[in-house]
There are 2 protein chains.
Amino acid sequence: MDQLRAIRYFCKVVETGSFTKAAKAFNVPPSSLSRRVADLEKSLGATLLKRSTRIVKLTEVGQIYYKDVQQILNQLEQSNETVRSYQTTPMGSLRISSMVGFGEKIVLPLLDEFSALFPEIVLDISLSDELSTLGRDDVDIAIRGGYAPNERVIAIRLMDNGFIPVASASYIEKHGTPNNAMALKNHNGLYFKAPSGPTPWLCNINGQWHDVSGPAIAISNNGSWLAKKACAGEGILMSTRWALASYLESGELLELHFDHPLAITQNADMAVYLLYQKQRYLVPKVKAAVDFLVERIKVSGNRGAM
Amino acid sequence: MDQLRAIRYFCKVVETGSFTKAAKAFNVPPSSLSRRVADLEKSLGATLLKRSTRIVKLTEVGQIYYKDVQQILNQLEQSNETVRSYQTTPMGSLRISSMVGFGEKIVLPLLDEFSALFPEIVLDISLSDELSTLGRDDVDIAIRGGYAPNERVIAIRLMDNGFIPVASASYIEKHGTPNNAMALKNHNGLYFKAPSGPTPWLCNINGQWHDVSGPAIAISNNGSWLAKKACAGEGILMSTRWALASYLESGELLELHFDHPLAITQNADMAVYLLYQKQRYLVPKVKAAVDFLVERIKVSGNRGAM
DNA sequence: ATCACTATTGTTTTAAAGACAATAATAGAT
DNA sequence: ATCTATTATTGTCTTTAAAACAATAGTGAT
């Protein structure tokens, strides 16, 4: 029995929920799938699918098996790709996932040049602040804010991701400069919302953390909208240096300084990391993109932010 | 093409270093292997094996592929086993790896009873202080001293693994009781050797670590030999409470107490952990053994050592 | 240079998967 | 409750791929 083929059939049936639809995907008659899946079940001594003429669904043990083999098929495909592309020129589809703000501001502007350098690479970019589980899924490169990955994933620190407080000149004129962190509690706040929720203003004074958030004017996961509001003098905003760089340069927004530094989390090393699976660095397209992104972003990051 | 079969052939050829030998293992003619491996190479567009009539060895890319698929075959086999044994009675071969001393003193004595409870399980026990990479290899359950595993591995704390200093009455009579940790520097030492090297006597005084090791009389990775020497009054020994339990009970060895506790590493939580892959707990034989070992060892550990 | 062993190639045989038609079963509509 | 359209399955034939077996060619060791 060709177990691998049987497993591929099985997975497709699960995904489409139908032998007929799955058969179409392989351009073989449904009877083939029916027989192969039956073979597989026989060889495993267990029923994987509960069938009726209308509906096909996984049994309990089928679910376990499906999750396992799905990942195995993925790994096998990646190994094949590694070998196939070994020492060839970078090409093929490359999937990059990045945080929204960072992706828009930093990554996307670089990618035109990257495409020009590697015309045979087809880019597939997803911007999302939800963290994708690198390794299990179909992303080649992920760019995420400070969390520690597992051992098989390489993390390269791209840039500092610490949040700084800013406000427009007009706001300061109207409400005065807060002369210490505690005074922020009386100031209007524009709050960035991470996937985990709105980010408070925190301040560490003599080893003690204090929440110094002021009344909220607006909360959003869209950094540039908040920045616009800050420019309009609606409140104080905490955001990353890289997101605010253009406003700081133009003078539209001014950084506020305090004796005790502000943060939005008690976690110390906030940074943006580029993540990829160790083994995938052997694939030319992945290596090309990792090298390119790390070089460009680290350079620009050091110039602008550190 | 039956890719999986081709991969199995390929792996066996790598392992035996010969098409002929590998063919024997599958009871098929060598020509089959030759063709299948050639198919595989063709489909990957790369040469995996460098052949000559006498010797077969991996190419550079072949090595990469071999390492990958080896693991994939392993995972697939485990998934199949999970399904096959789903909700059956515990049976089959079960591989346990344990630290030598702990294995001899604690684990092995329990296993007769385990075998009686689960007669269909064939035990395969390896005692070694080298750490095996659970997950990549063929061990179902590993028992190891305090190190943190990765996410897919479950670690259950079995027992405290802190080292305590002991000596025989005769030794103390002759050399006197060391009245503080620093005084140990003038006492004869019997040193246990971990895989990382001999274990020193360390002492934390007011947040500062001091090495208070005395002159060495003997160094060994064999705990019971050292214990014998300690009984004979040859020196002071630091070992685990569980290894010394019988000697402490009989009074052959006496625990030494100091104001500042002794240790053999600066790492705080020294413990013995039972490790297994999360997914494998679904396999009845693994679940049976994990449950059994955890229950018995935790109970006996609490009685004797804590 | 020869020998013994090994991988490969040609050719035939066997086994397994695909194709196609027909059947049985069932959810949803009438 | 009956009918219908769709779906999985089963039977049978065809095609394809792998196994067997014999023969060949290449290579490291003697």
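All chains are named by letter (A, B, ...) in the order of the sequence lines, taking the proteins before the strands, and each is independently numbered beginning at 1. It should be emphasised that the depicted structure is a prediction, and the values quoted were computed from it without experimental measurement. As a basis for the values below, the full set of heavy atoms in this structure was taken, side chains included, without hydrogen atoms, waters or symmetry mates.
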Original post:
Contact class for B:Arg35 (heavy atom, under 4.0 Å): base, sugar-phosphate, or nothing?
Top reply: base
Subject >> B:Glu41 side chain to B:Arg36 backbone, donor-acceptor under 3.5 Å >> reply: no
Original post:
Taking for each residue the nucleotide of DNA chain C with the nearest heavy atom, is it A:Asp39 or B:Leu33 whose nucleotide lies nearer the 5' end?
Top reply: B:Leu33
**OP:** Respond yes when some side-chain nitrogen or oxygen of A:Ser31 is under 4.0 Å from OP1 or OP2 of D:dT10, and no when none is.
**Re:** no
Subject >> Aromatic ring pairing B:Phe10/B:Tyr65, orientation class (parallel under 30°, perpendicular over 60°, tilted between) >> reply: tilted
Original post:
Where the side chain of B:Ser18 is defined as all heavy atoms beyond and including C-beta, which of D:dT9, D:dA18, C:dA7 is the nearest nucleotide?
Top reply: C:dA7
**OP:** Could you grab the distance from atom CG of A:Asn80 to atom OG of A:Ser85, nearest 0.5 Å is fine?
**Re:** 10.5 Å
**OP:** Could you tell me whether A:Tyr9 contacts a base, only the sugar-phosphate backbone, or nothing, with contacts defined as non-hydrogen atoms closer than 4.0 Å?
**Re:** sugar-phosphate
Original post:
Could you state the CG-P distance from A:Asp2 to D:dA19, rounded to the nearest angstrom?
Top reply: 11 Å
Original post:
To the side chain of B:Pro29, which of C:dA17, C:dA7, D:dC21 is closest?
Top reply: D:dC21
**OP:** Starting from P on D:dT7, measure out to CD1 on A:Ile55 and report it in whole angstrom.
**Re:** 12 Å
**OP:** Take atom CD1 of B:Ile55 as the centre, draw a 6.0 Å sphere, and report whether it contains more than 12 heavy atoms from other residues, nucleotides or ligands.
**Re:** no
Original post:
Is B:Lys50 paired with B:Glu60 through a side-chain N to carboxylate O contact shorter than 4.0 Å?
Top reply: no
**OP:** Let me know the distance between CZ of A:Arg51 and C1' of D:dT9, rounded to the nearest Å.
**Re:** 9 Å
Original post:
C:dA7 phosphate, OP1 or OP2: any side-chain N/O from B:Thr20 under 4.0 angstrom?
Top reply: yes
Original post:
Are OP1 or OP2 of D:dA8 and a side-chain N or O of A:Ser52 less than 4.0 angstrom apart?
Top reply: no
**OP:** Would you please confirm or rule out a distance under 4.0 Å between OP1 or OP2 of C:dG18 and any side-chain N or O of A:Arg36?
**Re:** yes
**OP:** May I have the distance from A:Phe26 (atom CZ) to C:dA19 (atom C1'), rounded to whole angstrom?
**Re:** 17 Å
Original post:
Considering heavy-atom distances to DNA chain D, does A:Val56 or B:Asn27 have its closest nucleotide positioned more toward the 5' end?
Top reply: A:Val56
Subject >> Per A:Arg54 side chain, nearest of listed nucleotides D:dA5, D:dA8, C:dT9 >> reply: D:dA5
**OP:** Measure from the side chain of A:Ser34, starting at C-beta and using heavy atoms only, and say which of D:dT27, D:dA20, D:dT9 lies closest.
**Re:** D:dT9
Subject >> Gap between atoms CZ and P, on A:Phe19 and D:dT10 respectively (whole Å) >> reply: 11 Å
Original post:
In whole angstroms, how far is the P atom of D:dA17 from the CG atom of B:Leu40?
Top reply: 16 Å
Original post:
Whole Å only: how far is the CE atom of B:Met1 from the P atom of D:dA17?
Top reply: 11 Å
Subject >> Distance test, side-chain N/O of A:Arg5 to OP1/OP2 of C:dG18, below 4.0 Å >> reply: yes
Subject >> Interatomic distance, B:Lys50 NZ vs C:dA7 P [rounded to whole Å] >> reply: 16 Å
Subject >> Modelled atom types, side-chain donor and acceptor of A:Ser97 and A:Arg144, under 3.5 Å >> reply: yes
